[in-house]
Amino acid sequence: MKNTLLTLLVCAAACSLSAQNLIPVAPGYAATSVNTTVFRNNSVVTHGKNQYISFYDNDGYVNVGKRRLKSEKWEVKRTPFKGNVKDAHNVISMIVDGDGYLHLSFDHHGHPLRYCKSVAPGELVFGDILEMTGSDESHVTYPEFYNLSNGDLIFVYRSGSSGNGNLVMNRYDVRLKKWSRVQSVLIDGEGKRNAYWQICVDEKDCIHVSWVWRETWMVETNHDLCYARSSDGGKTWEKSTGEKYTLPINALNAEYACMIPQRSELINQTSMTADKSGNPYIVTYWREQGSDVPQYRMVWNDGEKWNRQQITNRTTPFSLSGGGTKMIPVARPRLVIEEKGNNKRAYCIYRDEERGSKVSMAYSDNIEQGVWSYSDLSDFSVDAWEPSLDTGLWMKSGKLHLFVQKSTQGDGEIATKSGEEMVYVMEVK
């Protein structure tokens, strides 16, 4: 009887997670993964009762859309801005500030900053390309926006190049409508390496950063997982123990959350989140020594120590080597943590060829014991897609909305001959 009941409960959970509502937006460019890389922050964002989305169309123009939450009707406008969509690094990053203005940054892979904002709150019309601070804006890659609770914004990017770059951080004052520099070199590669990071801002405005080091432009030189946090908007930084950093952070003084050697198929730029207590959770994948199969893994701090845990039980080996955007049989994952009372649930969103390259989810009600279940959220392949989500909506209301589009990717920055594919927002029930 107990076994039967357990089976029914597991089935019910899987069926519940499989429920989905796919809302079509418009066709988008799909011959590379430029619309669907994991480091798009944000691809979808909610402000008040409006949700916004951005993507490149088949002609390479930046498109921006808006809808009322609970409506399935999108208003989509093509901007006058174009990007090099054949390079999957050249993503669009989008945010809405506390006054309702949209901010966009797009089309970077070691290029001058391309940044603009809407002409009025909630408008899909944008002004001219602007400077932020005018400093260190000539060699920009990986632009990312983050919200602060008072309406201000954080903007980070890499200044420099792969194997030789630094993490720069700016802040937008919504009252003054002005950008200022917070950190010119937060994480210093010392001319020898660079950090590939992931960031989250928790409910208390603490900024969490984790990263892997890469020694050269070759992906196989990724190694180790490091961590830092700031509770004052990025001005000062500390380790998980509370020990203050002397800036800039480098390979010698960094806190190492997990030691992972080079040539472990360790991927760069995945995702992280934090629970209500401010404890960080990082998801990524790598191959343990003695195995040839990379597995999704979670590394987290429980307030006392760093822990790590295997999420999946994959059976298919693969190897990472070389430079440029790789066509990898798995996606870099995204993670969200749900808390109700003393209960804590983790959801890891990913894509794996072993599951038919669908939108998939691993979820656990017992993180400490490492009990994970698995479910597919789509019944179709999304090919080279990686997950991005409306992080603000999740934090405020616990609603999981994903940017979903089937995309393709040639190995090493090669565009395929794929035609355009529909862009969707997936509402996970």
Side-chain angles (χ1 to χ4, degrees), residues 22-46 50-68 71-96 102-109 111 113-119 122-129 140-145 325 327 331 359 378 380-390 401-410 413-426:
L22 271 178
I23 302 171
V25 182
Y29 179 81
T32 67
S33 58
V34 68
N35 280 333
T36 60
T37 58
V38 76
F39 50 83
R40 288 201 62 195
N41 204 78
N42 292 280
S43 56
V44 186
V45 62
T46 293
N50 292 324
Q51 187 174 64
Y52 301 89
I53 194 168
S54 59
F55 58 93
Y56 289 110
D57 65 22
N58 214 37
D59 296 318
Y61 284 94
V62 175
N63 284 239
V64 180
K66 178 172 84 171
R67 68 160 179 155
R68 299 286 282 182
S71 169
E72 297 193 359
K73 183 179 180 180
W74 286 90
E75 174 192 1
V76 179
K77 288 189 178 181
R78 174 191 270 194
T79 74
F81 306 119
K82 292 188 74 173
N84 176 18
V85 291
K86 293 183 179 180
D87 185 338
H89 290 82
N90 294 22
V91 299
I92 307 165
S93 184
M94 174 182 64
I95 205 73
V96 183
L102 278 72
H103 298 247
L104 289 178
S105 188
F106 57 94
D107 193 34
H108 304 94
H109 193 184
H111 298 103
L113 178 67
R114 301 193 71 187
Y115 160 71
C116 61
K117 60 182 289 191
S118 62
V119 297
E123 288 289 336
L124 302 183
V125 178
F126 291 83
D128 296 332
I129 298 296
V140 175
T141 312
Y142 306 125
E144 295 182 356
F145 290 103
T325 302
M327 181 52 211
V359 179
S378 72
F380 57 91
S381 169
V382 285
D383 206 340
W385 169 90
E386 292 184 318
S388 60
L389 63 123
D390 191 331
H401 288 193
L402 303 174
F403 182 106
V404 173
Q405 182 197 23
K406 182 179 180 181
S407 61
T408 57
Q409 178 65 52
E413 234 59 76
I414 296 174
T416 71
K417 295 182 179 180
S418 174
E420 60 188 3
E421 294 282 352
M422 181 61 68
V423 172
Y424 297 94
V425 167
M426 176 187 284

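All values derive from a computational prediction rather than experimental measurement. In what follows, every heavy atom counts, from backbone to side chain, and hydrogens, waters and symmetry copies are set aside.
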Undergrad: To the nearest 0.5 angstrom, please state how far the CZ atom of Phe39 sits from the OG atom of Ser388.
TA: 11.0 Å
Undergrad: Could you check whether any side-chain heavy atom of Val382 comes within less than 4.5 Å of a side-chain heavy atom of Val404, counting everything from C-beta outward?
TA: yes
Undergrad: In a check of side-chain contact (heavy atoms from CB on, under 4.5 Å) between His103 and each of Val45, Ile95, Val96, which one passes?
TA: Ile95
Undergrad: Taking the side chain from Gln409 and the backbone from Ser33, do they hold a donor-acceptor pair closer than 3.5 Å?
TA: yes
Undergrad: Holding to salt bridge (charged side-chain N to carboxylate O under 4.0 Å, His left out), I want the full list of residues that pass it with Lys77, two or more places apart in sequence or in another chain.
TA: Glu75
Undergrad: What is the distance from atom CG of Leu104 to atom CZ of Phe126, rounded to the nearest 0.5 Å?
TA: 4.0 Å
Undergrad: Donor-acceptor pair, Thr32 side chain versus Val85 backbone, under 3.5 Å?
TA: yes
Undergrad: Considering non-hydrogen atoms only, spot the tightest contact between Thr37 and Ala88 and give its length.
TA: CG2-O, 3.7 Å
Undergrad: Find the distance between CE (Met426) and CG (Leu389) and round it off to the nearest 0.5 Å.
TA: 12.5 Å
Undergrad: Would you call Val76 and Val64 a side-chain contact if the rule is heavy atoms closer than 4.5 Å?
TA: no
Undergrad: Heavy atoms, side chains only, cut-off 4.5 Å: are Tyr115 and Phe106 in contact?
TA: no
Undergrad: Can you tell me how far OG of Ser93 sits from CG of Asn41, rounded to the nearest 0.5 angstrom?
TA: 6.0 Å
Undergrad: Does any N or O in the side chain of Gln405 come within less than 3.5 Å of the main-chain N or O of Tyr29, such that one atom is a donor and the other an acceptor?
TA: yes
Undergrad: Run the numbers on Val425 and Arg67 for side chain to side chain contact (heavy atoms under 4.5 Å, CB included), then give the verdict.
TA: CA-CA 11 Å; Val425 167; Arg67 68 160 179 155; 4.1 Å; yes
Undergrad: Between Val34 and Phe55, is there a side-chain heavy-atom distance shorter than 4.5 Å?
TA: no
Undergrad: Against the six-membered ring of Tyr61, is Lys82 placed for a cation-pi contact (under 6.0 Å from the centre, within 45° of the normal)?
TA: yes
Undergrad: Measure the shortest side-chain to side-chain distance between His89 and Tyr142 over non-hydrogen atoms and say whether it is less than 4.5 angstrom.
TA: yes
Undergrad: Does a side-chain heavy-atom distance below 4.5 Å link Phe403 with Val25?
TA: no
Undergrad: For residues 55-65, pull every pair meeting salt bridge (Lys or Arg N to Asp or Glu O under 4.0 Å), keeping only residues two or more places apart or in separate chains.
TA: Asp57-Arg78, Asp59-Arg78
Undergrad: I would like to know whether Leu113 and His108 meet side chain to side chain contact (heavy atoms under 4.5 Å, CB included); could you show each step before the answer?
TA: CA-CA 7 Å; Leu113 178 67; His108 304 94; 3.9 Å; yes
Undergrad: Is there a side-chain contact between Tyr52 and Met94, using heavy atoms and a 4.5 Å cut-off?
TA: yes
Undergrad: So does His401 get a backbone contact from the side chain of Asp390, meaning a donor-acceptor N/O pair under 3.5 Å?
TA: no
Undergrad: Distance-only, no hydrogens or angles: does the Ser43 side chain make a donor-acceptor pair with backbone N or O of Asn35 under 3.5 Å?
TA: no
Undergrad: Listed by chain and number, what are the salt bridge (charged side-chain N to carboxylate O under 4.0 Å, His left out) partners of Asp107, not counting sequence neighbours?
TA: Arg114
Undergrad: Measure the CD-OG1 distance between Gln51 and Thr46 for me, rounded to the nearest 0.5 Å.
TA: 4.0 Å
Undergrad: Just by modelled atom types, is the Trp385 backbone N or O under 3.5 Å from a matching donor or acceptor in the Lys406 side chain?
TA: no
Undergrad: When Ser407 is tested against each of Asp383, Thr416, Thr36 for side chain to side chain donor-acceptor pair (under 3.5 Å), which residue passes?
TA: Thr36
Undergrad: Just so I know, are the side chains of Ser54 and Arg40 near enough to count as touching, which here means a heavy-atom distance under 4.5 Å?
TA: yes
Undergrad: Hey, could you give me the CD1/CG distance between Ile414 and Asp87, rounded to the nearest 0.5 Å?
TA: 12.0 Å
